[in-house]
Amino acid sequence: MRIVVVGAGMAGVQTAVALRERGYDGEVLLLGAEPHQPYDRPPLSKDVLLGKAEHSRFDIDFAGQGIELRLGSRAAGLDAEARLLRTDAGELAYDRLVLATGASPVTLPGQSARTHLLRTHDDAVALKGALRPGARIVVVGAGWIGAEAATVARQLGCEVTVVEAAPVPLAGALPAGVGEAMRGWYAEAGVDLRTSAAVGGIVDGDVRLEGDPGATVLLTDGTELGADAVVVGVGARPDTGWLDGSGIVLDDRGAVAADDRLRASADGVLAVGDCASFPSARYGTRLMVHHWDNAVQGARAAAANALGADQAYDPVPYFWSQQFGRMVQYAGHHGPDDELLHRGDPADRSWGAIWLRDGAPVALLAVDRPRDLAQGRRLLERGTPLDPALAADPSVQLKAAVRS
Ligand SMILES: Cc1cc2nc3c(=O)[nH]c(=O)nc-3n(C[C@H](O)[C@H](O)[C@H](O)COP(=O)(O)OP(=O)(O)OC[C@H]3O[C@@H](n4cnc5c(N)ncnc54)[C@H](O)[C@@H]3O)c2cc1C
């Protein structure tokens with residue numbers, strides 16, 4: 001039997017490793033489009049960008065585990081009926097195929113040569129070269145990546161402006177009231193945050209300074225921001241374009257529409273990580289989760305199911321972000337109709353938020369409150385109802401806020 005895994009990021013690598021952990025002794029081929037040894041992405045916007053680490057390669061002996069790594073090899077098409085994968089180096093037959101091609105950053109039209117994305121090791125190295133003390137850095141997008149890039153740029157002594165089209169930071173992920181509480185973090189770090197500021201274009205050269213080789217970020221209200229480098233962090237889309245014409249069903253966001261066992265619409269094909277979505281019975285909706293933990297946990301389920309198990313995948317999603325000297329952690333999934341409880345005062349160093357549905361927690365945000373996260377995650381997994389007054393009191397441990 002031959003199992004081919006496409007994409008050598010966290011989800012693909014963990015799937016390959018989990019196949020071996022489960023005792024599978026057939027062929028495992030791991031295809032990665034990038035030329036580099038497989039690596040982890042979260043450090044790219046943290047220690048690698050800061051210069052504390054040179055790389056974030058996984059410490060895995062692929063050959064020793066009998067995993068055949070084909071780097072610099074891109075899948076270009078799929079004949080699911082014939083179980084044939086088309087790659088830039090020819091066709092590959094498979095018995096099981098695991099799609100783990102991740103996501104690509106959204107780009108803005110008319111980007112100048114001074115524009116950087118932050119998704120790959122090469123992106124991080126290129127951006128690091130631009131983060132010199134005193135450099136004018138404009139970050140487009142006050143999301144997770146934008147906030148982390150701004151944090152590091154300030155630590156390296158750059159002048160940083162963040163422009164965000166929405167009225168508050170993290171508008172795509174958190175309610176306005178919660179995102180608003182993070183505005184002060186930018187000011188405190190010396191970052192000029194401009195919200196409700198949409199970018200109309202980015203052009204080469206600072207149009208205000210003749211002969212300046214930098215770039216200009218043009219806002220739709222007519223403002224021109226000169227920059228030595230521009231970082232665009234406005235989201236990522238599943239890397240699934242290569243599946244066009246394969247018959248693999250995608251959802252409306254372009255993710256492989258997997259089932260609750262991470263099986264794609266063709267026999268023998270599974271999908272995991274940033275490139276996939278799956279129906280969650282826990283939250284009553286289809287989830288596309290672009291976070292590290294989903295790539296790790298999903299891989300275990302994908303590997304098991306590729307080997308014939310019948311394992312449902314319905315996690316409590318989790319992620320963390322390190323920004324402006326804070327550890328921000330979120331677990332679960334909330335919707336607009338869930339009841340939001342604030343836990344503590346955002347003016348304080350540590351605070352949080354909890355979302356309840358029918359009295360039970362469905363999501364939790366913890367800012368510098370790791371104990372809340374640890375206890376809350378267990379409560380989320382069990383759906384244990386909470387006493388709202390106790391849960392909103394930051395001096396009460398979450399495990400003690402259980403409704404009696
Ligand atoms: C800078 C950065 C910081 C992050 N920080 C955090 C964090 O702090 N916390 C957190 O929870 N999450 C974080 N994330 C998100 C997390 O890293 C991702 O969710 C995770 O990497 C997803 O893993 P994946 O394997 O699904 O996709 P990817 O890591 O994107 O890997 C997919 C791989 O597939 C390859 N590929 C694509 N198309 C093809 C093809 N056709 N053929 C062959 N190979 C292909 C790609 O080159 C890529 O290497 C961060 C992401 C980035 C970019």
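All ligand and atom numbering here is 1-based and tracks the order in the structure.
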>> For Asp259 and Arg263: C-alpha separation, side-chain torsions, deciding distance, then whether salt bridge (Lys or Arg N to Asp or Glu O under 4.0 Å) applies.
In response: CA-CA 5 Å; Asp259 70 6; Arg263 293 175 300 216; 2.8 Å; yes

For [X], the ligand 1 atoms whose distance to one of its heavy atoms is below 4.0 Å:
X: His290; answer: 15 (C), 19 (O)
X: Gly273; answer: 26 (O)
X: Ala103; answer: 30 (O)
X: Asp239; answer: 37 (C), 38 (N)
X: Ser45; answer: 1 (C), 2 (C), 3 (C)

Taking only Lys NZ, Arg NE, NH1 and NH2, and the carboxylate oxygens of Asp or Glu, determine whether [X] and [Y] approach each other closer than 4.0 Å.
X: Glu339; Y: Arg357; result: no
X: Glu180; Y: Arg183; result: yes
X: Arg96; Y: Asp267; result: no
X: Glu34; Y: Arg41; result: yes
X: Asp372; Y: Arg343; result: yes
X: Arg403; Y: Asp387; result: no

Examine ligand 1 and decide if any of its atoms is less than 4.0 Å from a heavy atom belonging to [X].
X: Lys46; answer: yes
X: Ala236; answer: no
X: Ala100; answer: yes

Out of [options], indicate the one that has the non-hydrogen atom closest to [atom].
atom: atom 2 (C) of ligand 1; options: Leu31, Leu44, Ile145; answer: Ile145
atom: atom 53 (C) of ligand 1; options: Val289, Asp293, Leu118, Val296; answer: Leu118
atom: atom 39 (C) of ligand 1; options: Val6, Asp123, Thr101, Leu127; answer: Thr101
atom: atom 11 (O) of ligand 1; options: Tyr330, Tyr318, Trp242, Phe319; answer: Phe319
atom: atom 28 (P) of ligand 1; options: His36, Arg41, Met327, Glu148; answer: Arg41
atom: atom 27 (O) of ligand 1; options: Gly102, Gly72, Gly241; answer: Gly102
atom: atom 46 (C) of ligand 1; options: Glu34, Gln323, Arg119; answer: Glu34

Using a 4.0 Å heavy-atom threshold (strictly under), name the region of [X] that reaches ligand 1: side chain, backbone, both or neither.
X: Asp274; value: both
X: Ala75; value: both
X: Pro38; value: neither
X: Trp144; value: neither

> Would Arg286 and Asp251 count as a salt bridge (Lys or Arg N to Asp or Glu O under 4.0 Å) if you check the C-alpha gap in whole Å, the side-chain angles of each, and the deciding distance to 0.1 Å?
Replying inline: CA-CA 9 Å; Arg286 176 167 282 278; Asp251 69 14; 5.1 Å; no

> Under 3.5 Å, is there a donor-acceptor pair between the side chain of Asp95 and the main chain of Ile3?
Replying inline: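 Answer holds: no.
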
> Side chain of Glu91, backbone of Leu85: donor and acceptor closer than 3.5 Å?
Replying inline: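 No.
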
>> Check whether Tyr318 forms a cation-pi arrangement with Arg377 (NZ or CZ under 6.0 Å from the six-membered ring centre, at most 45° off the ring normal).
In response: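 Ring-cation test returns yes.
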
Nearest-contact summary for [atom] - protein heavy atom, Å:
atom: atom 35 (C) of ligand 1; answer: Gly7 CA, 3.9 Å
atom: atom 44 (N) of ligand 1; answer: Ala33 N, 3.1 Å
atom: atom 13 (C) of ligand 1; answer: Pro42 CG, 3.8 Å
atom: atom 25 (O) of ligand 1; answer: Ala11 N, 2.8 Å

> Taking the six-membered ring for Trp, are Phe319 and His291 parallel (under 30°), tilted (30 to 60°) or perpendicular (over 60°)?
Replying inline: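 Rings of Phe319 and His291: parallel, as their planes differ by under 30°.
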
> Hey, would you say the Tyr330 and Trp320 ring centroids sit under 6.0 Å apart?
Replying inline: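 No, the ring centres sit 6.0 Å or more apart.
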
